[in-house]
Amino acid sequence: PDDADGGGWIDNFLYQVKITDVLVALFSGLLVLGMVLQARRMRETVKATTEAAQAADKTARAAEDALVAGQRAFMFIKEFKTFLHFDAASGQYRWSIHPVWENSGNTPTKGLSINTTYRLLDEPLPKDYTFPNSREDLIPTIAGPKAAVEAVPGAISAEDLAAVQQGRKHFYIWGWAEYHDIFEGTKKHTTRFCNQLMQVIGDPRAAINEHNMMQMLFGFHSENNCAD
């Protein structure tokens, strides 16, 4: 009986120890699982916070870019003004041509330079022409918001203009405007153009009157017309 009682006590003790171990192991497992889940939630929170910050930064940059694009200076060729001149000494007419640039932006330019080249040629410009600069005609200036700026004018005689009208000559104007806008961290902007005198209406060798309404029509050449 004593052995039986002793054996029962041992069995009971072992049973209790096993249940305790199981409970401890279960508690430990739950604790580890909780820590793992908490660490995962923290990683997800950090990731979400980082992504939100990146998205906010991207949105802010996009808004800033949109503001700059909508407000910055933008130079383009608006028109070519033409004027007739009479040389009393020679009795000949000549024409002056005045390219007019305009800033379509809501802010002024900084460090604006304009370069203009005039060419009267026997043949049309070849494909992939290099369009050399005329540094002697470089104008440092400024263009205010919605303001126009006139480039260095060119000249063509009435006889040469008549040759263009008849298709024996070809007259081109090309050049560029380089400038900065007023916003910090933006690059220099460049607008390039090349226009050809496409049509001459009227008699360029005669005075302008109701019977001779002279007009020059310019068109874009197929190359060297771009802006950034």
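Only a predicted model underlies this, so the values are computations on that prediction, with no experimental measurement involved. Starting from 1, each residue takes its place in the sequence as its number. Values reported hereafter were calculated over all heavy atoms of this structure, with side chains retained and with hydrogens, waters and symmetry mates removed.
In this structure, CD1 on Ile173 lies 4.0 Å from CZ on Phe218, to the nearest 0.5 angstrom.
Residues Cys194 and Asn225 come closest through the heavy atom pair N-OD1, 3.0 Å. Across all non-hydrogen atoms, the minimal contact from Met75 to Ala143 is SD-CB, 3.8 Å.
Side chains of Gln92 and Ser157 form no contact here, defined as non-hydrogen atoms less than 4.5 Å apart. Looking at Met216 and Leu161, their side chains come closer than 4.5 Å, going by heavy atoms from C-beta outward. Contact check for Leu112 versus Ile114: side-chain heavy atoms found under the 4.5 Å cut-off.
Formation of a donor-acceptor pair under 3.5 Å by the Asn103 side chain with backbone atoms of Ala73 is not found in this model. Although no hydrogens or angles enter the test, the distance criterion places a donor-acceptor pair under 3.5 Å between the side chain of Trp95 and the main chain of Pro204.
Annotation for Leu121: hydrophobic cluster partners, listed by chain and number, are Leu125, Tyr129, Phe131, Tyr172, Trp174 (ILVMFWY side-chain heavy atoms under 4.5 Å, direct or chained).
Among residues two or more places apart in sequence or in another chain, the side chain to side chain donor-acceptor pair (under 3.5 Å) test is passed with Lys188 by none. With sequence neighbours excluded, no residue forms a salt bridge (charged side-chain N to carboxylate O under 4.0 Å, His left out) with Glu150.
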side-chain hydrogen bond (donor to acceptor under 3.5 Å, both in side chains) between His98 and Thr82, intermediate numbers included: CA-CA 6 Å; His98 305 250; Thr82 57; over 6 Å; no
Trp176 vs Asn133, side-chain hydrogen bond (donor to acceptor under 3.5 Å, both in side chains): CA-CA, chis, key distance, verdict: CA-CA 9 Å; Trp176 45 257; Asn133 298 332; 2.7 Å; yes
From CA spacing to verdict: side-chain hydrogen bond (donor to acceptor under 3.5 Å, both in side chains), His189, Asp181: CA-CA 8 Å; His189 306 290; Asp181 56 50; 2.7 Å; yes
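In this structure, Phe193 has its ring center under 6.0 Å from that of Trp101.
Classification of Asp160 and Lys169 as a salt-bridged pair fails, no side-chain N sitting under 4.0 Å from a carboxylate O.
Within a 6.0 Å radius of CZ in Phe83, more than 12 heavy atoms belonging to other residues, nucleotides or ligands are found.
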